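In what follows, a single structure is set out as structure tokens and then discussed.
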Amino acid sequence: MAELVFFSGTMDCGKSTLALQMDHNHGARGRVGLIFTKMDRAGSNVLSSRLGLSTGALEVGDDLDFWEAIVGRATAGNRIDYLICDEAQFYTGEQVEQLARIVDEMDVDVFAFGITADFRTELFPGSKRLIELADKVQVLQVEALCWCGRRATTNARVMDGVMVVEGEQVVVGDTKPGTAGIVEYEVLCRRHYMRRMTSHAAKAAAVSPEVLPFDLDVCPLPPLPITQAD
Ligand SMILES: Nc1ncnc2c1ncn2[C@@H]1O[C@H](COP(=O)(O)OP(=O)(O)O)[C@@H](O)[C@H]1O
Ligand SMILES: Cc1cn([C@H]2C[C@H](O)[C@@H](COP(=O)(O)O)O2)c(=O)[nH]c1=O
């Protein structure tokens, strides 16, 4: 029986790599799949992993109706056994519902990959609907790590070197410093997200004589203010 599976985690935890591996493994056993993505860092119509592998993909626009597209291909005689859907956090809730319908009514497996929450720790629309509808939500085994060594569970946005908690939900970017203009991301554990303590801020605090001795467990930074969703 086909399944809707959501593979989720923070940025940089290996989701796109797993998407490529799953396509490879299913393809190697003679199954036929289609690969979709939306706004990959490497550009349109490509699914890329930081390990250096990439493949061509169908770009998902807001107006794409997955149900119509897949039914159209199937009725034209094309076999489809599974869909790989990367950057699924950016899909609309309706598109996730279409994916669920494809699983249930066409017996096509859907493997979706995406980050759970944005830089404000709020769910993306696509991730929210996937968590609500998926047969399984799998957190990736490879853990992205905070600079302190704890498991990272949040994605901080850093602009001009400073962590921000307000702004547009969608800004494509990378976790590698200096690779995406002024917007960068850094994965952090909850504790350091709440204290807005990025690796840069931690280094600055560690060398500042005013805050020495620096004890992370009694860090005096105030908690983040609660912000309203846009
Ligand atoms: N040079 C490297 N050597 C080994 N592993 C790497 C290297 N660069 C990146 N990785 C691995 O790739 C992961 C990121 O993979 P990717 O699929 O691009 O992540 P995601 O799609 O979740 O953002 C990192 O967590 C790390 O495990
Ligand atoms: C946290 C956050 C991320 N994004 C963007 C940044 C990247 O382009 C993707 C995540 O890709 P990855 O393969 O998982 O690294 O999402 C965003 O637009 N808004 C955010 O709040």
Side-chain angles (χ1 to χ4, degrees), residues 5-25 35-55 57 59-62 84-92 95-96 111-128 130-131 137-147 149-159 162-190 192-194 196 198-199 224 227-230:
V5 188
F6 182 36
F7 296 92
S8 198
T10 60
M11 290 178 70
D12 203 19
C13 70
K15 301 177 301 297
S16 298
T17 306
L18 181 62
L20 288 163
Q21 288 173 315
M22 291 203 55
D23 179 55
H24 175 85
N25 289 354
I35 302 180
F36 291 90
T37 192
K38 184 169 182 181
M39 295 189 284
D40 188 287
R41 284 181 314 279
S44 287
N45 296 102
V46 64
L47 186 166
S48 72
S49 139
R50 291 182 181 80
L51 275 176
L53 285 176
S54 64
T55 188
E59 186 73 17
V60 176
D62 280 348
I84 299 280
C85 295
D86 201 21
E87 306 292 351
Q89 71 274 5
F90 294 145
Y91 298 6
T92 65
Q95 286 173 329
V96 172
F111 306 121
F113 303 80
I115 54 177
T116 317
D118 67 16
F119 70 108
R120 301 163 303 184
T121 68
E122 288 170 21
L123 294 173
F124 279 95
S127 313
K128 176 177 180 292
L130 277 160
I131 290 166
V137 177
Q138 294 205 346
V139 177
L140 265 70
Q141 278 186 352
V142 178
E143 293 177 350
L145 299 179
C146 180
W147 57 265
R150 287 190 193 92
R151 179 169 175 233
T153 52
T154 64
N155 306 293
R157 180 179 288 171
V158 179
M159 288 177 80
V162 178
M163 181 176 158
V164 294
V165 289
E166 280 174 15
E168 297 273 312
Q169 185 176 53
V170 177
V171 180
V172 173
D174 204 348
T175 46
K176 214 166 152 193
T179 51
I182 57 161
V183 173
E184 295 158 13
Y185 292 92
E186 181 173 347
V187 294
L188 296 175
C189 66
R190 185 188 59 239
H192 289 127
Y193 177 89
M194 293 302 203
R196 300 187 197 185
T198 61
S199 53
L224 284 178
T227 53
Q228 291 291 315
D230 290 338

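Just so you know, these numbers come straight off a predicted model, no measurement behind them. These values consider heavy atoms only, across backbone and side chains, with no hydrogens, waters or symmetry-generated copies. Each ligand, and each atom within it, is numbered from 1 in the order the structure gives.
Those atoms of ligand 2 that come under 4.0 Å of a heavy atom in Arg157, given as number and element, are 19 (N), 20 (C), 21 (O). Near Gln169, the atoms of ligand 2 lying under 4.0 angstrom from a non-hydrogen atom of the residue are 17 (C), 18 (O), 19 (N), 20 (C), 21 (O). In the vicinity of Val172, heavy-atom distances shorter than 4.0 Å reach the ligand 2 atoms 8 (O). Close contacts of ligand 2 with Val170, meaning ligand atoms under 4.0 Å from a residue heavy atom, involve 18 (O).
Thr121 places none of its side-chain heavy atoms less than 4.5 Å from the side chain of Arg190. Inter-residue side-chain proximity for Val96 and Lys128 is flagged as unmet; no heavy-atom pair is nearer than 4.5 Å. Using a 4.5 Å heavy-atom threshold, the side chains of Arg50 and Thr17 count as separate. Residues Arg151 and Thr10 have side chains not in contact (no heavy-atom distance under 4.5 Å, counting atoms from C-beta outward). No side-chain heavy atom of Pro125 sits under 4.5 Å from any side-chain heavy atom of Thr92. By the 4.5 Å heavy-atom criterion applied to side chains, Met22 and Asn25 are not counted as neighbours. Asn155 has its side chain out of reach of Phe119: every pair of non-hydrogen atoms, C-beta onward, lies at least 4.5 Å apart. Glu186 places none of its side-chain heavy atoms less than 4.5 Å from the side chain of Thr175.
Among Gln21, Lys176, Arg50, the residue whose heavy atom lies nearest to atom 18 (O) of ligand 1 is Arg50. When Lys15, Gln89, Arg50, Glu122 are checked for heavy-atom proximity to atom 15 (O) of ligand 2, Arg50 turns out nearest. Among Val171, Asn155, Thr116, the residue whose heavy atom lies closest to atom 1 (C) of ligand 2 is Asn155.
Between Ser48 and ligand 1, not a single N/O pair is under 3.5 Å apart. The shortest N/O to N/O separation between Leu51 and ligand 1 does not fall below 3.5 Å. Where the criterion is an N or O separation shorter than 3.5 Å, residue side chain and backbone included, Val142 fails it with respect to ligand 1. Distances between N or O atoms of Arg41 and those of ligand 2 include at least one value under 3.5 Å.
Residue, atom and distance of the protein heavy atom nearest to atom 25 (O) of ligand 1 are Asp12 O, 2.5 Å. Of all protein heavy atoms, the one closest to atom 21 (O) of ligand 2 is Phe119 N, 2.8 Å. For atom 17 (O) of ligand 1, the closest heavy atom belonging to the protein is Thr17 OG1, 2.6 Å. Annotation: atom 11 (O) of ligand 2 to nearest protein heavy atom, Glu87 OE1, 3.3 Å. For atom 16 (O) of ligand 2, the nearest protein heavy atom (residue, atom name, distance) is Phe90 CZ, 3.3 Å. Protein heavy atom closest to atom 2 (C) of ligand 2, with residue, atom name and distance, is Tyr185 CE2, 3.3 Å. Looking from atom 19 (O) of ligand 1 to the surrounding protein, the closest heavy atom is Gly14 N, 3.1 Å. Atom 8 (O) of ligand 2 has its closest protein heavy atom at Gly173 N, 3.1 Å.
At least one heavy atom of Cys13 sits less than 4.0 Å from an atom of ligand 1. Met39 does not count as a contact of ligand 2, since none of its heavy atoms falls under 4.0 Å from the ligand.
Ring planes of Phe90 and Phe124: perpendicular class, angle over 60° (limits at 30 and 60°).
Within a 4.0 Å radius of atom 1 (N) of ligand 1, the protein contributes no non-hydrogen atoms.
Only side-chain heavy atoms of Phe124 come within less than 4.0 Å of ligand 2; its backbone N, CA, C and O stay farther off. Within the 4.0 Å heavy-atom criterion, neither part of Arg120 lies near ligand 2.
Considering CG of Leu20 and OG of Ser54, their distance stands at 7.5 Å, rounded to 0.5 Å. To the nearest 0.5 Å, atom OG1 of residue Thr198 and atom CZ of residue Arg157 are 15.0 Å apart.
No donor-acceptor distance shorter than 3.5 angstrom exists from the side chain of Glu143 to the backbone of Arg150, with no hydrogens or angles considered.
The ring-ring contact (aromatic ring centres under 6.0 Å, His included) search around Phe36 returns Phe66, not counting sequence neighbours.
The two residues Ser16 and Glu87 make their nearest non-hydrogen contact at OG-OE2, 4.4 Å.
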